[in-house]
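Positions are given from 1 along the sequence.
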Amino acid sequence: MRFCEPEQLIAKKRRNRLAAADKAVCYLTRGTFKEDSNDAGFTDTRWVELEELYENCGKTPLENALKKYRKAEEEDVDAAIADFEEGVEHKG
């Protein structure tokens, strides 16, 4: 998850605190993306704003996907921290 598209910000905006107008919650999303309703689409991974996910998925599917994402993220972070701590113990 991230809060902006860094490549779209000028250097000064990247160095300083983001203004509310420059913030947009985005998720790195793997999915099928279409240009329009007549497009069969293609599989890709890209940053997608939360608002676009809501518009294309709907509230309940989006909430379910976010719960699954947060659970997986928590498990991955806990495992990584445990690995870090194990490495520290072995160095001592």
Side-chain angles (χ1 to χ4, degrees):
M1 181 180 78
R2 66 183 186 184
F3 292 101
C4 70
E5 172 58 67
E7 295 174 4
Q8 292 181 0
L9 299 175
I10 61 173
K12 183 178 177 183
K13 286 187 176 187
R14 286 196 309 263
R15 288 191 305 267
N16 296 295
R17 176 170 274 210
L18 285 175
D22 294 320
K23 291 183 184 178
V25 176
C26 302
Y27 288 90
L28 190 59
T29 304
R30 178 101 177 136
T32 302
F33 296 89
K34 301 178 181 184
E35 300 255 342
D36 56 41
S37 61
N38 298 318
D39 187 354
F42 56 95
T43 302
D44 195 11
T45 302
R46 57 174 70 169
W47 287 101
V48 181
E49 289 187 17
L50 182 60
E51 181 177 3
E52 184 179 345
L53 291 170
Y54 178 84
E55 291 170 354
N56 288 295
C57 299
K59 182 179 180 178
T60 301
L62 178 58
E63 287 177 338
N64 291 337
L66 289 173
K67 285 178 188 175
K68 183 177 177 181
Y69 166 81
R70 289 177 182 132
K71 182 177 186 232
E73 179 188 38
E74 181 179 18
E75 291 170 357
D76 290 346
V77 168
D78 289 347
I81 289 171
D83 287 346
F84 299 151
E85 290 173 343
E86 185 176 304
V88 170
E89 291 172 9
H90 291 279
K91 289 181 182 179

field: salt bridge (Lys or Arg N to Asp or Glu O under 4.0 Å) pairs, two or more places apart, involving residues 30-49
entry: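 Those involving residues 30-49 are Asp44-Arg46.
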So how far is it from [X] [atom1] to [Y] [atom2], rounded to the nearest 0.5 Å?
{"X": "Leu50", "Y": "Leu66", "atom1": "CG", "atom2": "CG", "value": "6.5 Å"}
{"X": "Glu73", "Y": "Asp78", "atom1": "CD", "atom2": "CG", "value": "10.0 Å"}
{"X": "Thr29", "Y": "Asn56", "atom1": "OG1", "atom2": "CG", "value": "10.5 Å"}
{"X": "Leu28", "Y": "Thr45", "atom1": "CG", "atom2": "OG1", "value": "6.0 Å"}

message: Angle between ring planes, Tyr69 versus Tyr27, binned at 30° and 60°: parallel, tilted or perpendicular?
response: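 Plane angle over 60°, so perpendicular.
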task: With sequence neighbours excluded, tell me which residues meet side chain to side chain contact (heavy atoms under 4.5 Å, CB included) with Glu51.
output: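 Glu51 satisfies side chain to side chain contact (heavy atoms under 4.5 Å, CB included) with Glu55 once adjacent residues are dropped.
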field: Listed partners of Arg70 passing salt bridge (Lys or Arg N to Asp or Glu O under 4.0 Å), at least two apart
entry: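 With sequence neighbours excluded, Arg70 shows a salt bridge (Lys or Arg N to Asp or Glu O under 4.0 Å) to no residue whatsoever.
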field: Residue list, salt bridge (Lys or Arg N to Asp or Glu O under 4.0 Å) with Lys59, at least two apart or on another chain
entry: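 Expected list: none.
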Candidate pair Phe33 and Thr43, rule side chain to side chain contact (heavy atoms under 4.5 Å, CB included), full reasoning: CA-CA 6 Å; Phe33 296 89; Thr43 302; over 6 Å; no
message: Does Glu63 form a salt bridge (Lys or Arg N to Asp or Glu O under 4.0 Å) with Lys67? I'd like the steps, not just the answer.
response: CA-CA 6 Å; Glu63 287 177 338; Lys67 285 178 188 175; 5.7 Å; no
